[in-house]
Each structure stands twice: as C-alpha cells, then as structure tokens.
Amino acid sequence: MCRHLVYLGAPRLLTDLVLTPPLGLLRQSYLPRDMRGAGYVNVDGFGVGWYPGGGDKAVRYRGSRPLWADESFAQIAAVTEAGVVLAAVRSATDGMPVVHTACAPFTDGHWLFSHNGSIAGWPGSIGALAAELPVTDLLTLDAPTDSALLWALVRARLRAGADPGRTLAELVASVAAVAPRSRLNLLLTDGVTVYATAWGHALTTLVDRDSVTVASESYDEQPGWEQVPEGYLLRGTATTGVQCRPIEPSRTDHREGVQ
C-alpha cells in the first residue's frame with residue numbers, strides 16, 4: 001500500500017502540503033494510521049508532481065529513499081509554490097523493485113497519476129488486460145509494477161480521447177473482475193480537475209471555498225474531512241467542489257472479495 005494526495009486551489013508551498021502537516025505524508029511515511037494489513041510503513045520512495053507557474057505541463061520529483069531522507073526535496077519544497085499538487089509515498093509490494101521510476105506520480109504531458117493499492121494475483125491475473133496495450137507501451141513501462149501498468153492502461157485510453165472519469169471507473173471494474181481483492185484507489189489530474197476512485201481502501205476529502213484536497217488519510221485533525229464511500233468515483237475542482245457516484249461493476253466482478 002501507499003499513501004497519496006492531490007490538492008487543487010490557491011498556490012501553496014509544497015512543504016505546507018507534503019512535509020509540515022502534523023498527520024501528512026511525511027508522518028504517513030513512517031507512521032500511517034490505516035494500512036489495512038498491507039504493510040506498516042511507506043519508505044520505498046516518494047514522488048511529488050505540480051505545474052510550475054500555473055502552466056499546463058506537469059513536472060515531478062521522485063526518489064527511491066524515504067521522504068524524510070531527501071534533503072534536496074526539502075529545500076525545493078520550501079521555496080516552490082503550486083496551485084495543483086499530486087504527491088505520494090510508496091510501500092512496495094513484495095517482489096516489486098524499489099526504484100524511483102516505480103514511484104508515483106506517473107506523468108504524460110498535463111496528466112499526473114497515482115495508485116494506492118495492489119493488483120491481486122499479479123502479474124498473471126492481469127495478463128489479458130495488459131495484452132490490450134501496444135507492445136511498445138509494455139516495453140517502456142516506468143517500472144515492472146502493477147501501478148505502472150495501470151498508468152499505461154489509463155494513458156492509452158486518455159490518448160484515444162476517452163473521458164477521464166469513465167476511464168478510471170471502467171478500469172477499476174475490469175481489474176476487479178479478473179483480480180478480486182485488488183485495492184484500486186486511483187488519483188488522476190489534468191491540472192484543473194481531479195478524478196479518484198475509492199476501491200479497497202479509504203479515501204477522504206477536504207473542501208473549502210477555493211480548494212479541494214483528496215487524500216488517503218486526512219493530514220490534520222481539523223473538521224471538514226469527509227470519507228468517500230467505498231466503490232465510488234470522485235470528480236472535483238477547486239471551484240465546484242466534489243461529486244461522487246458509484247462505480248458500476250463488471251458482470252464478472254467479485255466485490256465480496258474486497259474489504
């Protein structure tokens with residue numbers, strides 16, 4: 001399991017979103033409150049993506065060390081502001097490599113993507129879905145991991161013009177159908193809108209007058225955090241807040257396997 005968040009709103013320092021919140025990603029890297037039996041810490045790397053100067057092209061910083069051990073990022077975060085940020089800390093699934101390229105966010109142009117969870121029965125369970133991709137996409141995955149494959153599947157559909165929310169919902173349902181007990185909390189943003197799924201793990205939101213935060217765990221104890229129902233797709237912007245709807249399962253889905 002991993003922990004992640006996305007923020008859309010008035011520009012804020014990266015350090016204020018990632019490093020200094022009392023229950024934020026820095027603390028979640030060594031003392032998460034809810035891992036649901038899938039590990040105890042998130043020390044196998046991290047990543048942060050944002051849009052410099054309010055532009056539409058995303059940049060990212062990723063490392064394979066624990067978040068607290070990267071002094072260079074701490075220095076960058078203290079002087080970098082952004083109005084849209086996607087950040088994650090990683091707990092590598094057994095058998096998957098601990099390398100910076102395996103860390104979210106994954107990116108393509110203006111897209112940033114993260115996966116909190118795991119695909120049950122990896123890699124055999126997902127072979128048929130992976131076969132949908134061009135061979136070159138498979139050969140150029142960021143890393144040989146379930147998260148990188150999910151991103152490749154999402155990216156291929158986005159490039160074909162598919163609706164982002166529908167893409168996430170249909171992919172989650174398809175993966176759950178062939179790999180019951182998978183945990184598929186996904187985050188996706190284009191710098192304006194965030195799309196997210198709650199599937200197999202907690203997801204929470206904080207909405208105020210001019211910002212939206214979507215996170216695995218709340219980063220403080222202040223009121224206003226709301227849980228996203230299990231099995232739901234979320235869409236949100238800084239100006240309209242969030243809307244949620246149920247994800248329709250595939251006909252062969254086995255939801256009883258998801259806790």
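Predicted model only: the values in this text are computed from it and were never measured.
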[Y] and [X], any side-chain heavy atoms less than 4.5 Å apart:
X      : Y      : value
Leu8   : Val6   : yes
Phe73  : Leu19  : yes
Leu171 : Val154 : yes
Trp111 : Pro164 : yes
Leu5   : Leu25  : yes
Phe106 : Ser114 : no
Leu129 : Ser174 : yes

Please report the closest heavy-atom contact between [X] and [Y], naming both atoms and the distance.
X      : Y      : value
Val178 : Ser125 : CG2-O, 3.4 Å
Pro52  : Val59  : CG-CG2, 3.5 Å
Thr204 : Ser218 : CG2-N, 3.6 Å
Leu184 : Ala176 : CD1-N, 4.2 Å
Ile247 : Ala173 : CG2-CB, 4.4 Å
Pro97  : Thr145 : CD-CG2, 4.0 Å

Cluster question for you: counting only ILVMFWY and a side-chain heavy-atom cut-off of under 4.5 Å, with indirect links fine, are [X] and [Y] together?
X      : Y      : result
Val242 : Val192 : no
Leu149 : Trp151 : yes
Val207 : Val214 : yes
Phe113 : Trp122 : yes
Val172 : Val228 : no

Could you check whether any side-chain N or O of [X] sits under 3.5 Å from a backbone N or O of [Y], counting only pairs where one atom can act as donor and the other as acceptor?
X      : Y      : value
Ser182 : Ala179 : yes
Tyr51  : His110 : yes
Glu217 : Pro32  : no
Asp44  : Ala92  : yes
Ser29  : Leu26  : yes
Gln243 : Thr240 : yes
Thr197 : Leu233 : no
Asp208 : Ser211 : yes
Asp146 : Ile119 : yes
Asn116 : Cys2   : yes

Under 4.0 Å between a side-chain nitrogen and a carboxylate oxygen: does that hold for [X] and [Y]?
X      : Y      : result
Glu132 : Arg157 : yes
Arg62  : Asp142 : yes
Arg12  : Glu81  : no

Distance (rounded to the nearest 0.5 Å) between [X] [atom1] and [Y] [atom2]:
X      : Y      : atom1 : atom2 : answer
Thr205 : Gln227 : OG1   : CD    : 8.5 Å
Leu23  : Leu31  : CG    : CG    : 9.0 Å
Thr15  : Ile76  : OG1   : CD1   : 12.0 Å
Ile126 : Leu150 : CD1   : CG    : 6.5 Å
His4   : Leu187 : NE2   : CG    : 3.5 Å
Asp108 : Leu158 : CG    : CG    : 8.5 Å

Inset, instruction - Would you confirm whether the ring centroid of Trp199 sits within less than 6.0 angstrom of the ring centroid of Tyr232? - result: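 Ring centroids of Tyr232 and Trp199 are no less than 6.0 Å from each other.
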Legend entry - Test side-chain contact (heavy atoms from CB on, under 4.5 Å) applied to Val85 and Leu14, step by step: CA-CA 8 Å; Val85 178; Leu14 299 185; 3.6 Å; yes
Legend entry - side-chain contact (heavy atoms from CB on, under 4.5 Å) evaluation trace for Arg235 with Thr193: CA-CA 7 Å; Arg235 180 186 185 277; Thr193 305; 3.7 Å; yes
Legend entry - Test log, rule side-chain contact (heavy atoms from CB on, under 4.5 Å), inputs Arg33 and Arg3: CA-CA 10 Å; Arg33 290 174 290 168; Arg3 309 277 81 189; over 6 Å; no
Inset, instruction - Using the six-membered ring wherever Trp is involved, compare the ring planes of Tyr61 and Phe46 and label them parallel, tilted or perpendicular (cut-offs 30° and 60°). - result: parallel
Inset, instruction - Would you please classify the geometry between the Tyr219 ring and the Trp225 ring as parallel, tilted or perpendicular, with 30° and 60° separating the classes? - result: perpendicular
Inset, instruction - Ignoring hydrogens and angles, state whether a donor on the side chain of Ser147 or Arg90 is under 3.5 Å from an acceptor on the partner side chain. - result: no
Legend entry - Evaluation steps, side-chain contact (heavy atoms from CB on, under 4.5 Å), between Leu206 and Val212: CA-CA 6 Å; Leu206 179 65; Val212 167; over 6 Å; no
